[in-house]
2 protein chains.
Amino acid sequence: MIEPRDRYFDDWTEGEVFETEPHLMTEERIRSFAEEFDPQPFHVDTEAAEASIYGGIIASGWHTGSVLMRQMTTFLGPSSMGSPGIDKLRWIAPVRPGDQLRLRLTVLETRISSSKPDRGIIRFFQEVLNQNDDVVMSVEPLIFLRRRT
Amino acid sequence: MIEPRDRYFDDWTEGEVFETEPHLMTEERIRSFAEEFDPQPFHVDTEAAEASIYGGIIASGWHTGSVLMRQMTTFLGPSSMGSPGIDKLRWIAPVRPGDQLRLRLTVLETRISSSKPDRGIIRFFQEVLNQNDDVVMSVEPLIFLRRRT
């Protein structure tokens with residue numbers, strides 16, 4: 001099997017599934033990320049978070065998504081040409097300090113670009129799971145990948 | 001007019017449009033964000049980025065989205081109850097060091113939650129514009145907001 005990072009577009013097959021190692025969400029980083037990008041009380045203020053519907057500090061959804069991106073780069077090598085967008089992002093369950101998040105990646109659909117024949121487009125299904133195997137986030141990104149020449 | 005931050009669900013009207021002040025994307029933060037969350041060559045390696053289809057360093061899409069979230073909190077106050085997800089995210093044009101990004105927010109649709117009558121759900125349309133008024137990113141988030149009691 002060709003490792004995902006060494007693959008061109010042509011080496012991916014619909015239905016394949018991969019999984020990463022876990023990533024620890026520390027309270028310190030949850031808080032500092034949210035202070036910069038999403039300073040709502042349930043992300044940065046312990047007392048307000050405990051009184052909220054979440055019952056304690058939770059990670060910003062953009063922090064969880066950014067960690068997912070980090071884990072996705074495990075599978076992206078020199079053939080990656082970036083992404084035109086994502087669809088159907090769902091924040092399904094809260095992410096709390098101490099959670100261990102890992103990415104499960106499924107290949108949904110592969111197609112050659114009709115306008116730019118040097119690349120293909122893959123639609124993936126990404127699920128972020130915690131240490132209890134709860135899916136906390138899911139999303140369908142599109143990724144451009146160079147074709148094998 | 002009630003300021004957005006002081007609003008409950010009931011105070012929002014479909015079709016309203018708001019805009020934020022600009023946010024400067026520095027090369028230093030583009031690079032450090034990407035080193036942590038999206039270390040692909042076109043985000044972190046000047047020479048590789050210049051040789052890529054992007055012609056130079058560009059911001060991670062998750063960085064641009066996180067800055068959008070920061071700007072969205074300009075409009076979210078105590079009634080915000082978080083987001084179940086987003087749809088139709090499109091990274092339309094590259095974001096480069098020195099770009100000044102601002103958020104244009106349009107209220108697409110407001111509806112009362114059928115299962116939880118203490119809150120409503122608003123679907124917004126968010127556009128991120130640069131200093132040339134190019135739309136570099138757009139997305140449709142859902143936000144839960146507490147109702148006026």
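Computed from a prediction, not measured in an experiment: that's the story for all the values here. First the proteins, then the strands, lettered A, B, ... as listed; each starts at 1.
With a 4.5 Å cut-off on non-hydrogen atoms, A/S66 touches chain B through its backbone and its side chain both. Both the backbone and the side chain of A/E36 come within less than 4.5 Å of a heavy atom in chain B. Residue A/P39 touches chain B through both its backbone and its side chain, counting heavy-atom pairs closer than 4.5 Å. If you measure heavy-atom distances from A/I86 to chain B, the contacts under 4.5 Å come from both the backbone and the side chain. When heavy atoms are compared at a cutoff of 4.5 Å, B/Q71 does not approach chain A at all. For a residue to count as touching a neighbouring chain, one of its non-hydrogen atoms must lie under 4.5 Å from one of that chain's; by this rule B/M72 does not touch chain A.
Test B/R29, B/E35, B/E28 against B/S32 for side chain to side chain donor-acceptor pair (under 3.5 Å) and you get one pass: B/R29. Each of B/F37, B/F33, B/W62 was compared with A/W62 under the ring pair (Phe, Tyr, Trp, His ring centres under 6.0 Å) criterion, and only B/W62 meets it.
Contacts with chain B were tallied for A/M137, A/H43, A/M69, A/E140; A/M69 has the most, counting heavy-atom pairs under 4.5 Å. Note on B/S83, B/S138, B/P141, B/G61: by heavy-atom pairs under 4.5 Å with chain A, the leading option is B/S83. Note on B/G65, B/G77, B/P78: by heavy-atom pairs under 4.5 Å with chain A, the leading option is B/G65.
In this structure, B/T20 and B/F75 have side chains that are in contact, with non-hydrogen atoms separated by less than 4.5 Å. Looking only at side-chain heavy atoms (C-beta outward), A/F9 and A/I122 come within less than 4.5 Å of each other. Proximity of B/V17 to B/L105: side-chain heavy atoms (C-beta onward) are nowhere separated by under 4.5 Å. Two residues are said to be in side-chain contact when any heavy atoms from C-beta on lie closer than 4.5 Å; A/L129 and A/V135 meet this criterion.
For an aromatic pair to be called close, the ring centres must be under 6.0 Å apart, and A/F124 with A/W12 satisfies this.
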